[in-house]
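The block underneath contains the structure these notes are about, expressed in structure tokens.
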Amino acid sequence: MKIFYFVGGPKAGRAEEFFQHLHQIGGSPAGWRIYPHSSEDGKALHVVEAESRQAILDHLQHFGDIYEYAEIIEIRNAAQ
């Protein structure tokens with residue numbers, strides 16, 4: 001597994017729709033840690049263990065135009 005991070009969240013005014021859809025698909029995938037911004041701006045830091053960047057994009061595709069995110073960055077595991 002690789003480790004990635006990105007910042008993302010539902011677009012303004014779309015949070016309720018996003019969370020309903022997230023619930024419908026079973027929530028966040030295993031290996032996703034999500035840290036909401038303390039400013040309560042609707043964005044969150046996502047730290048994700050996944051096989052690939054494409055696996056993350058495949059999940060985000062479920063939300064179409066109601067969700068926005070910054071570049072997905074691969075990081076090294078400090079234990080390696």
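Treat the numbers as computed from the prediction; the structure is a model and nothing was measured. Because only heavy atoms are used, hydrogens play no part in the values below, and waters and symmetry mates are left out as well, while side chains stay in.
The aromatic rings of Y67 and F63 sit tilted, their planes meeting at an angle between 30° and 60°.
Residues passing the side-chain hydrogen bond (donor to acceptor under 3.5 Å, both in side chains) test with D65: none are found, sequence neighbours excluded. Every residue two or more places apart in sequence or in another chain was checked for a ring pair (Phe, Tyr, Trp, His ring centres under 6.0 Å) with H37, and none qualifies. E68 is linked by a side-chain hydrogen bond (donor to acceptor under 3.5 Å, both in side chains) to K43, counting only residues two or more places apart in sequence or in another chain.
No continuous path of ILVMFWY side-chain contacts below 4.5 Å connects W32 to Y35, so the two sit in separate hydrophobic clusters. I72 and Y5 sit in two unconnected hydrophobic clusters of ILVMFWY residues. Membership requires side-chain heavy atoms under 4.5 Å apart, directly or through other members. The hydrophobic cluster containing L45 also contains I75, counting ILVMFWY residues as joined when their side-chain heavy atoms lie under 4.5 angstrom apart, directly or transitively. The hydrophobic cluster containing I73 also contains V7, counting ILVMFWY residues as joined when their side-chain heavy atoms lie under 4.5 angstrom apart, directly or transitively.
Looking at heavy atoms from C-beta onward, I56 lies out of side-chain contact with Y69 at the 4.5 angstrom threshold. Residues H46 and I34 form a side-chain contact, since some pair of their non-hydrogen atoms from C-beta on lies under 4.5 Å apart. Using a 4.5 Å cut-off on side-chain heavy atoms (C-beta onward), E51 and M1 make contact.
Residues R53 and F4 share a closest heavy-atom pair of N-CZ, 3.5 Å. Scanning both residues, F18 and P10, for their nearest heavy atoms gives CB-CB, 3.7 Å. Summarising the geometry of L22 relative to S28, their closest heavy-atom pair is CD1-N, 3.8 Å, with the distance given to 0.1 Å.
Heavy-atom neighbours of E40 CD from other residues, nucleotides or ligands within 6.0 Å: at or below the threshold of 12.
For the pair H21 (side chain) and H62 (backbone), a donor-acceptor distance under 3.5 Å is present.
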